[in-house]
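Below you'll find the structure, written out as structure tokens, and then a few comments.
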Protein chains: 2
Amino acid sequence: MDTLETRELKYFVTVAEELHFSRAAERLGIAQPPLSRAIQQLERRLGVRLLDRDRRGVTLTGAGQVLLDEARAILDSAEAAARRTRRAAASTNRLTLATKAGANHELLRKLLDAHAAEPDAAEIDVVLCGMGDQARMLRDGRADVAFMQRPFDALAGFDTEDVLTEQQVAVVPAAHPLAARTSLLMADLEDVPDLPVARWPRQDGTYEAGPGPEIHDLSQLAQLIALGHTMAVICASARSWLWGAHAAIPLTDSSPVTTVLAWPAHSRSRAVAALVRTAAQL
Amino acid sequence: MDTLETRELKYFVTVAEELHFSRAAERLGIAQPPLSRAIQQLERRLGVRLLDRDRRGVTLTGAGQVLLDEARAILDSAEAAARRTRRAAASTNRLTLATKAGANHELLRKLLDAHAAEPDAAEIDVVLCGMGDQARMLRDGRADVAFMQRPFDALAGFDTEDVLTEQQVAVVPAAHPLAARTSLLMADLEDVPDLPVARWPRQDGTYEAGPGPEIHDLSQLAQLIALGHTMAVICASARSWLWGAHAAIPLTDSSPVTTVLAWPAHSRSRAVAALVRTAAQL
DNA sequence: TGCGGTGATACCGGTGGGGTATGACAGCGA
DNA sequence: TCGCTGTCATACCCCACCGGTATCACCGCA
């Protein structure tokens with residue numbers, strides 16, 4: 001049993017996505033017959049039917065669905081491997097840290113300062129990215145470590161080190177009656193007239209249905225709150241980007257949020273290990 | 001930038017392991033010159049030097065070390081993908097569950113019974129394996145789900161559902177003075193004359209240094225305790241395999257052990273999801 | 001019953017992966 | 001200093017296989 005070639009997997013994924021040989025071949029930049037042959041060869045090698053070619057189009061079999069998921073993961077890893085290898089060659093003792101734009105300023109500053117004080121510390125490139133992009137960058141190989149938050153971010157497949165746990169606060173327009181309160185309960189935020197709570201993306205990037213606006217980045221959120229269009233629940237440290245038009249009120253019964261430093265599981269990079277050690281001592 | 005082929009990666013891993021082109025070629029069943037060429041091509045494609053061919057042998061560069069780790073992971077995933085695909089085709093609505101031999105009898109029974117009561121339940125094949133083999137089987141694609149224990153087992157890369165948390169107990173020979181106690185502290189187990197505490201394998205399969213015997217499976221442990229050669233700390237539910245020659249004494253200050261159901265992250269199998277749902281309701 | 005469109009088959013040419021033979025070079029013992 | 005040995009790289013050849021073109025078999029549909 002010889003091993004699957006990434007070329008074959010790429011072909012298969014494209015066909016599985018298009019469910020159409022000719023279109024898939026076009027996307028791949030090859031002709032349709034070689035593509036048909038490659039898929040047949042893959043099926044023969046596995047001894048498994050991956051696609052049902054019915055006269056009414058192509059559909060995935062159960063096994064094909066399984067292989068589709070696996071193949072996507074493998075292709076991603078292969079690309080990540082190439083990228084990580086190139087980066088390792090280009091820059092020794094240099095790390096890329098990904099973090100959500102706008103959050104954790106203090107924490108980041110503290111970590112960078114503490115790390116710079118270590119002897120032999122790696123240079124750190126900080127990449128600010130959109131919400132939830134950190135996971136992709138880590139998997140991609142475009143970043144070596146990232147700040148992420150539990151329970152919001154998808155941490156499966158990463159090793160993590162807890163750095164900071166904090167309560168959440170409600171941020172409301174300063175002019176709103178709620179701004180006068182000194183503390184709130186989660187229940188107080190439900191069904192406030194004219195002030196729907198903003199909707200954060202879920203781990204898969206989609207949004208729950210609801211009346212509030214969908215949040216893509218924090219400056220957008222700050223703007224919307226200042227305009228009096230919404231309110232939001234954020235973790236306490238993010239207060240740093242609020243201005244006079246906002247009011248932050250502690251939420252006494254909110255679940256705590258833990259900011260973690262995350263890196264690809266099984267990373268053996270000494271530089272990553274050193275940074276994690278520093279973070280653990282904060 | 002075209003993508004890395006698994007054939008090239010396999011070649012590279014073999015060379016990196018042997019650090020010797022001729023031996024690697026022999027292991028691969030090809031001649032040495034094509035192997036040299038393949039590695040050169042890989043280096044050219046990545047634009048990165050992976051190996052230093054010094055006159056005193058071959059050594060890995062930093063980038064080579066990175067690629068070695070990545071490539072191993074990719075090759076493992078490729079093999080796992082093939083296996084999972086074949087299994088998906090061979091057996092629809094059938095799951096393989098891996099668990100440590102000898103532990104969790106009650107829990108397993110309860111889960112299987114509850115699952116069998118569900119409508120449309122998948123058949124479950126239970127595979128008993130050695131300690132720590134569950135992770136390998138999940139990664140391999142030889143198992144779909146596994147019982148594992150936190151904090152003992154390496155859970156990185158898996159999704160998990162907590163099933164049961166329990167305290168640990170000390171198991172000592174029934175004839176030993178400690179057997180008369182009704183409870184113990186961890187400190188009580190240190191430096192007991194003639195009764196060194198047994199050593200469990202760590203997550204990587206190695207053993208800490210120490211006087212006690214290295215444990216490979218539970219029946220061996222039971223035997224050794226019955227003979228009065230050692231004592232051990234185990235989680236409470238494992239008492240089921242003790243006999244008259246053993247005494248189990250609660251450890252009031254031991255850290256709790258959580259048995260979890262684990263499965264490969266990103267699994268989309270409906271059968272796994274159904275089993276996990278059942279487990280969550282135990 | 002032709003027409004458009006599907007994937008499969010037949011056949012062909014060129015790339016490239018594999019083989020053998022040999023080269024270049026360092027270490028080493030006589 | 002000179003072979004000798006063992007290393008990896010180079011040169012060259014062959015054929016397997018990937019990809020291309022032409023075509024078939026088959027369906028749905030005017």
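Letters A, B, ... mirror the listed sequences (proteins, then strands); counts begin at 1.
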Contacts under 3.5 angstrom, residues 57-65 of chain B side chains, donor-acceptor by atom type, not counting sequence neighbours:
residue, atom, partner, partner atom, Å
B:T61, OG1, B:R49, O, 2.9
B:T61, OG1, B:L50, O, 3.0
B:T61, OG1, B:G64, N, 3.0

Checklist entry - Around A:D120, counting heavy atoms of other residues, nucleotides and ligands shown, do more than 12 lie under 6.0 Å from its CG? => result no
Item to check | Contact under 4.0 Å: B:S22 side-chain N or O vs D:dC8 OP1/OP2 | outcome: yes
Checklist entry - Would you say a side-chain N or O of A:R53 is under 4.0 Å from OP1 or OP2 of C:dA8? => result yes
Checklist entry - So which heavy atom on A:G141 is nearest to which on A:A80, and how close? => result N-CB, 4.1 Å
Checklist entry - Hey, is B:R84 close enough to B:D144 for a salt bridge, meaning N to O under 4.0 Å? => result no
Checklist outcome for this item: Quick note, side chain to side chain donor-acceptor pair (under 3.5 Å) partners involving residues 122-136 of chain B, not counting sequence neighbours, are B:R94-B:D125, B:D133-B:R136
Item to check | Separation of C:dG18 C1' from B:I39 CD1 (nearest whole Å) | outcome: 15 Å
Item to check | Length of the CG-C1' vector between B:L28 and C:dG19, whole Å | outcome: 15 Å
Item to check | Whole-Å gap separating C1' (D:dT7) and CG (B:L35) | outcome: 13 Å
Checklist entry - Between A:F21 (CZ) and D:dC24 (C1'), how many Å, whole number? => result 17 Å
Item to check | Summary of protein contacts for nucleotides 10-22 of chain D, nucleotide by nucleotide, where a base hit scores B, a sugar-phosphate-only hit scores S (4.0 Å, heavy atoms) | outcome: B-B-----BBBBB
Item to check | N-O pairing of B:R268 and A:E70 below 4.0 Å | outcome: no
Item to check | Rounded distance in Å - CG (A:L50) to P (C:dG7) | outcome: 16 Å
Item to check | Rounded distance in Å - NZ (B:K10) to C1' (C:dG17) | outcome: 13 Å
Checklist entry - Quick one: A:E18 CD to C:dT6 C1', roughly how many Å, whole number? => result 15 Å
